[in-house]
Number of protein chains: 2
Amino acid sequence: MRLLYVEDNERLAQNTSASLQANGFIVDCVHCGEDAVHSARSYDYDAIILDLGLPDMEGLSVLRSIKAAKPEVPFIICTARDALEDRIKGLDAGSDDYIVKPFDAAELLARIRAVLRRPGGALGVTLMAGNITFDTSCRSVEIGGTPAHLSRRERDLLELFMRRKGRILSRDTIENALYGFDEPPTPNAIEVATHRLRRKLADMGASVAIHTLRGIGYFLDDDGA
Amino acid sequence: MRLLYVEDNERLAQNTSASLQANGFIVDCVHCGEDAVHSARSYDYDAIILDLGLPDMEGLSVLRSIKAAKPEVPFIICTARDALEDRIKGLDAGSDDYIVKPFDAAELLARIRAVLRRPGGALGVTLMAGNITFDTSCRSVEIGGTPAHLSRRERDLLELFMRRKGRILSRDTIENALYGFDEPPTPNAIEVATHRLRRKLADMGASVAIHTLRGIGYFLDDDGA
DNA sequence: ACCCGGCTTACAGAAGACTTACAGCTGACG
DNA sequence: CGTCAGCTGTAAGTCTTCTGTAAGCCGGGT
């Protein structure tokens, strides 16, 4: 679950993104509008948290630029209370959420989860593939009815595969989904991660498996489901 | 999928083109504007990545020279952040993309893919010929509805034939499409490659086939489609 | 019947993916 | 505050698959 966090106040950015990370999100943090537009164009985010008081660009024009390219990405707008009225009015209220500063991490988290849980959002669905069930709201996994012990990476990876069941995932796609851009892994890291996940799936008698397409990527069985 | 990469910084050029190659692109790397214009005239590239800080020529005039000869080739411009405004302004914004230095390989890749996916671009289309489908976005192939296991070369070759379905491809054309200019194969290599592809197509019951024109080249059936 | 161009096969080097082992880090618990 | 267990990325070694080369074969055209 990958987020883009746009906030020019370094200190606040640090703290908040630490909290988000502690809650299992991959967070890319940028400090100006230009970088934000850039990153949003280059990567797929599950949600974007946007502070409106940016130094270089009018916040809403950042939003518009990004929406133009990726209309489906949900936004959470951060703004000071007094600036609230006039700015928020400009938004398509139905598609996004906002939060007034100062806010605490728990509230932001709740908002993010809420936004992700919306129809079409990334949360709140139970994914199924063969005899595997993945509950995306509490992030628990069952294989053949018994709960599976997966580590964070393994869960993230499995979730990714299950969301894109049957579709081919390139190494890049996987890397982008699992790692923020300030934690670049060796190519091998992904091999190791899939290996570990594969073994757990096999050990627990999963009826689907991850297949390799040499030179292209990986995909999850789609037939048994 | 062949790229021309114009970058005078040797070190950067090395690293970046290695990443591109690792992602399945054929990369020709040149270090000055003159070579760039030259190569772009001599070969067909799917995209050109152009650094604006070249020693011998003004970057944009390189762009213009090439565009004059091959107007359809998409460009991705690399530039330092401070030089961005005034230079990019000169571009026909709709037809090209740009990326600010420093960038990481993943971002460049994303840009390239985005550019290739544009209408008229090389990616994002599903090619069809007889009972063969070639999904150019994830580079997967199905024959008669079942996924085909093809190696990288085989896929590249098939893609080439399917893009030019019914047209005749000389050995040279094939060689230029599949091999960068620093990896020259024996003439025979292409024979072997087509042979292997032919066998897989036949084994999987493809309804189209690759035909030989002695002394001229090869072509893919066009009737059954 | 001969020759040239393409086809086929076998093989070896290279590239890619899989495994295993290890070490740093984190987080829980005493 | 220290210790311990588990997670995760790195690195190195192994195994598999791919791919170009070389060498011989086949077949059509002259």
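Every chain is numbered from 1 and lettered A, B, ... according to where its sequence line falls, protein lines coming before strand lines. All figures in this text were calculated on a predicted structure; none of them were measured in a lab.
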Task: Any donor-acceptor N/O pair under 3.5 Å between C:dG16 base and A:R214 side chain - done: yes
- [ ] Write down the distance between CZ (B:R171) and P (C:dG5), rounded to a whole number of angstrom.
- [x] 10 Å
- [ ] Measure the distance from CD on B:Q21 to P on C:dA15 and round it to the nearest whole Å.
- [x] 11 Å
- [ ] Given side chain to side chain contact (heavy atoms under 4.5 Å, CB included), test A:K70 with A:D44 step by step and report yes or no.
- [x] CA-CA 9 Å; A:K70 306 254 177 102; A:D44 286 334; 2.9 Å; yes
Task: Atom-pair distance (CD1 on A:I210; P on C:dC18), nearest Å - done: 10 Å
Open item on the list: Within a 6.0 Å radius of atom CZ on A:R152, are there more than 12 heavy atoms belonging to other residues, nucleotides or ligands?
Closed with: yes
- [ ] Between C:dG6, C:dA10, C:dT20, spot the one nearest the side chain of A:V192, thanks.
- [x] C:dT20
Task: Length of the line joining B:I190:CD1 and C:dG6:P, which is rounded to integer Å - done: 11 Å
Task: A:R198 and A:T212: side chain donor to acceptor below 3.5 Å - done: yes
Open item on the list: Counting the atoms with a prime plus P, OP1 and OP2 as sugar-phosphate, which does B:R155 contact under 4.0 Å by heavy atoms, base, sugar-phosphate, or nothing?
Closed with: nothing
Open item on the list: If you apply the rule salt bridge (Lys or Arg N to Asp or Glu O under 4.0 Å), what do you find for B:E107 with A:R41, and how did you get there?
Closed with: CA-CA 9 Å; B:E107 187 179 350; A:R41 277 207 294 170; over 6 Å; no
Task: Between P of C:dT8 and CZ of B:R199, the distance in whole Å - done: 8 Å
Open item on the list: Taking the side chain as everything from C-beta on, heavy atoms only, tell me whether B:I132 gets closer than 4.5 Å to B:F161.
Closed with: no
Open item on the list: Taking 4.0 Å as the cut-off, does a side-chain nitrogen or oxygen of B:H195 come that near to OP1 or OP2 on C:dC7?
Closed with: no
Task: Nucleotide C:dA23, atom C1' - distance to CG of A:N188 in whole Å - done: 15 Å
TODO: Examine C:dT9: is either OP1 or OP2 under 4.0 Å from a nitrogen or oxygen in the side chain of B:R196? Give yes or no.
DONE: no
Open item on the list: Looking at every non-hydrogen atom in both residues, tell me the closest pair between B:L109 and B:N23 and how far apart they are.
Closed with: CD1-ND2, 3.2 Å
Open item on the list: If only side-chain N and O atoms count, and only distance matters, is there a donor-acceptor pair under 3.5 Å linking A:T173 with A:S170?
Closed with: yes
Open item on the list: Quick check: on DNA chain D, is the nucleotide nearest A:K200 upstream (toward 5') of the one nearest A:P185, or the reverse? Name the residue that is more 5'.
Closed with: A:K200
Open item on the list: Quick check for you: name the first and last nucleotides of DNA chain D, 5' to 3', having an atom under 4.0 Å from a heavy atom of chain A.
Closed with: D:dC7 to D:dC18
TODO: Assign A:R152 to base, sugar-phosphate, or nothing according to its heavy-atom contacts below 4.0 angstrom with the strands shown.
DONE: sugar-phosphate
- [ ] Please state how far atom CG in B:D203 lies from atom P in C:dT8, giving the value in whole angstrom units.
- [x] 12 Å
Task: Any B:Y218 side-chain N or O less than 4.0 Å from OP1/OP2 of C:dG5 - done: no
- [ ] Could you tell me the separation between the CD1 atom of B:I174 and the P atom of C:dG6, rounded to a whole number of Å?
- [x] 11 Å
